[in-house]
Number of protein chains: 2
Amino acid sequence: MTDLKSAESRSPASLLYLREDELRRGIELLFFGYRDFLSDADAELATLSLGRAHHRALHFIGRQPDLAVNELLTILKITKQSLGRVLKDLLARDLIEQRPGRRDRRQRLLRLTPAGEALHAQLLTRQRTRMARAFREAGPDAVAGFRKVLAGLIAEDERARVLAMIGAGN
Amino acid sequence: MTDLKSAESRSPASLLYLREDELRRGIELLFFGYRDFLSDADAELATLSLGRAHHRALHFIGRQPDLAVNELLTILKITKQSLGRVLKDLLARDLIEQRPGRRDRRQRLLRLTPAGEALHAQLLTRQRTRMARAFREAGPDAVAGFRKVLAGLIAEDERARVLAMIGAGN
DNA sequence: GATTTTAAGTCAGTCATGTTGACATATTTA
DNA sequence: TAAATATGTCAACATGACTGACTTAAAATC
């Protein structure tokens with residue numbers, strides 16, 4: 001970091017600089033933390049010729065069985081066509097199954113098959129292990145702060161909906 | 001979340017469940033927070049027909065002028081071929097420039113052109129604005145926790161190097 | 001000085017995952 | 001009955017990753 005001046009080397013009143021530097025560090029930490037957090041699951045998915053897109057669909061179907069396609073689209077914010085390809089793969093590999101909704105028979109409600117449950121559990125366990133280590137090492141106060149800041153990063157017009165979906169504790 | 005039972009509805013001693021649920025919330029918050037954090041920059045990049053890959057290269061070149069290609073590869077952890085295409089685009093659009101290293105003339109040191117600086121500053125300001133709002137709303141203790149947990153998510157064999165690169169405050 | 005290693009670039013092909021746009025079908029709602 | 005909705009599908013395309021093979025120039029080593 002030869003180009004990044006230390007705070008001490010600058011004018012004493014450059015609080016703005018300190019602030020900008022703190023924000024830059026937060027931005028970069030988010031990049032590296034996110035990337036490495038996904039690496040465990042990525043490695044496992046690669047052995048199955050599946051990608052992140054499959055993982056995300058599997059995750060949200062697993063956590064909320066009988067999820068409708070439209071709900072999943074709202075969660076993932078991708079196009080119907082993109083999701084369609086992923087669901088097709090997961091169906092072909094017997095990781096998920098569909099059935100028409102009882103109230104609304106246009107809907108195709110999605111749920112995991114036993115094989116899908118197994119994979120979902122395996123991936124989630126891996127991710128929880130890494131997250132658990134970070135939580136444990138950081139301590140409960142840090143965990144609360146982590147969640148608070150991340151919640152603040154969510155788009156304002158989405159935040160209430162997302163936090164409600166994730167669960168009450170936020 | 002019809003399928004997610006509240007903690008109260010379960011057996012009193014299910015601390016494991018509480019913990020698993022807390023970890024799941026952290027995982028999901030990271031997903032949504034990261035996605036929405038990038039959305040500002042993505043929108044701006046799209047107007048210029050640039051993508052995230054360009055943004056990342058621009059960011060790390062901007063923060064450390066005269067960066068060698070190899071250093072950038074180490075930071076981004078992508079292949080030379082992938083980076084090559086991105087750098088070619090950025091060079092063609094006069095956003096970065098190269099010059100041979102003085103000590104090692106095999107190296108091509110990368111730096112931003114004035115136009116690159118302008119774009120870099122514009123993108124960084126946008127991202128800082130969103131991060132600043134989240135930091136401000138969450139408070140300083142939360143910010144410390146946010147950083148602590150994210151640092152813990154970085155791959156162990158990378159952590160020291162990454163934290164050193166990001167800056168002392170972590 | 002000759003050989004090996006390193007830094008960088010390039011060509012070619014592939015894959016995963018996103019996009020737009022147009023359209024089809026079944027079902028529900030107005 | 002007509003309109004809106006939920007889903008699926010075809011086609012074409014862009015981005016950004018990958019592997020593998022190879023070249024060139026310069027530095028480091030023997």
Query raised in the report: Can you tell me how far P of dA26(D) sits from CG of Leu109(B), to the nearest Å?
Result: 14 Å

Query raised in the report: Do the charged groups of Arg99(B) and Asp66(B) touch, with an N to O distance under 4.0 Å?
Result: yes

**Report entry** Residues Asp89(A) and Arg93(A) bridged, charged N to O under 4.0 Å
**Finding:** no

Report task. May I ask you to list the residues of residues 67-98 of chain B, by number, that have any heavy atom positioned under 4.0 Å from an atom of DNA chain C? Result -> Ala68(B), Val69(B), Asn70(B), Lys80(B), Gln81(B), Gln98(B)

Report task. Indicate yes or no: does Arg35(B) engage Asp42(B) in a salt bridge with an N to O separation below 4.0 Å. Result -> no

Requested in this report: Establish whether the base of dT28(C) is bridged to the side chain of Arg106(A) by a donor-acceptor pair shorter than 3.5 Å.
Outcome: no

Query - Degree of bending, the helix from dG1(C)-dC30(D) to dA30(C)-dT1(D) (end axes from five pairs; round to 10°) - result: 30°

Query raised in the report: Using a heavy-atom distance cut-off of less than 4.0 Å, which residues of residues 50-59 of chain B contact DNA chain C?
Result: none

Report task. Would you mind checking if Glu28(B) and Arg63(A) are paired as a salt bridge, meaning a charged N to carboxylate O distance below 4.0 Å? Result -> yes

Query raised in the report: Rounded to whole angstrom units, what separation is found between the CG atom of Leu38(A) and the C1' atom of dT17(C)?
Result: 15 Å

Query raised in the report: Can you find a side chain N or O atom of Arg105(B) that sits less than 4.0 Å from OP1 or OP2 on dA27(D)?
Result: yes

Requested in this report: Report the distance from atom CZ of Phe31(B) to atom CZ of Arg56(A), rounding to the nearest 0.5 Å.
Outcome: 5.5 Å

